[in-house]
Amino acid sequence: MVTTRISAFILLVPIFSLESTPVRIKAAIILLLSLFFTYINPVKISSNISIIQIVLLLCGEATYGLALGLITNLIFSAVRLSARITEREMGFTFAEVLDPLTGEQDPAFGIFIEMIFMLVFLSANGHHALLTILSRSCSTVPIGDIPAINILTNAVIEAGSAMFIAGLRLAAPVLAAFILLLVILAVLARAAPEMNILLLSLPMKIGLGFIMSIIFLDFISGFVSEFADWMNKLLPI
């Protein structure tokens, strides 16, 4: 049951669930964590338990682990959302490459921002926060207890709302800068109609996007410290 909860959590949680991570590494992490949490939180199961009860207990552990992983992934995706907004304003949405982390086709700029965030997240011991989530879950909802589905559902919905709020807040300075650029271009178009504003706007948008991205990195560093606060507010642990 401990392995079921941890496997479901690792399946969705960022960093550990990356496509580029070898399956053997994932299996080794799950095995080591299962042994560790079984040692610090011994599970007491009656000897006369039936097969149906075992299946129900495993389903409950899988549901709880998937909910924890989904909530964590949603909060983690706030940076991805803000990166998508920025690259759309820069006009990079059509330039897609293979993302080595997920194995999907994504714009290169968004992949770059996500990689930087993961490095900052790991350098700030963010993986310790993920392990803390597992530890607290074993204390709050002991192994073998059936989690409350309504609480898990509300937590997932709130995490989705928090993702959009955090993503828009991270992208707000970038959006403000691009709106100001559009106003300047509109004034230039009225003042000098002979100018090719469309041709002029493309390099200006790209340049402004890179400048704002450098400023955006400071907001990413601040979001890493807020990540634990969001987890404490949203996770049902």
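For reference, positions follow the sequence shown, starting with 1. This one's a predicted model, so the numbers in the text were calculated from it and none came from an experiment. The analysis underlying the following values was restricted to heavy atoms, covering all of them including side chains, and did not include hydrogens, waters or symmetry mates.
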Return yes if some donor-acceptor pair links the side-chain N/O of [X] with the main-chain N/O of [Y] below 3.5 Å, else return no.
X   : Y   : answer
S7  : T4  : no
S34 : I30 : yes
N73 : L12 : yes

(request) Please assess T72 against F9 for the test side-chain contact (heavy atoms from CB on, under 4.5 Å), listing each intermediate value before the final yes or no. (result) CA-CA 9 Å; T72 307; F9 181 76; 4.0 Å; yes

Heavy-atom pair with the smallest gap, counting every atom of [X] and [Y]:
X    : Y    : answer
A62  : A8   : O-CB, 3.5 Å
S82  : G167 : CB-O, 3.5 Å
R5   : E61  : NE-OE1, 2.7 Å
L181 : M204 : CD1-CE, 3.4 Å
G160 : L74  : N-CD1, 3.7 Å
F37  : L134 : CZ-CB, 3.7 Å

(request) For the residue pair I85 and V174, establish whether any side-chain heavy-atom pair is separated by less than 4.5 Å. (result) no

(request) State, with a plain yes or no, whether a side-chain heavy atom of I71 is found less than 4.5 Å away from one of E158. (result) no

Could you state the interatomic distance from [atom1] ([X]) to [atom2] ([Y]), rounded to the nearest 0.5 Å?
X    : Y    : atom1 : atom2 : answer
T3   : I10  : OG1   : CD1   : 11.5 Å
L168 : M163 : CG    : CE    : 9.0 Å
L68  : L66  : CG    : CG    : 9.0 Å
S77  : L70  : OG    : CG    : 9.0 Å
Q53  : L56  : CD    : CG    : 7.5 Å

Are [Y] and [X] co-members of a hydrophobic cluster defined by side-chain heavy atoms under 4.5 Å apart?
X    : Y    : value
I54  : V2   : yes
L182 : I211 : no
I25  : I6   : yes
I157 : I75  : no
F178 : V187 : no

(request) Show the numbers, then the answer: is there a side-chain contact (heavy atoms from CB on, under 4.5 Å) between L131 and L33? (result) CA-CA 9 Å; L131 297 179; L33 291 178; 3.8 Å; yes

(message) Tell me whether L119 at atom CG has more than 12 heavy atoms from other residues, nucleotides or ligands lying less than 6.0 Å away.
(response) yes

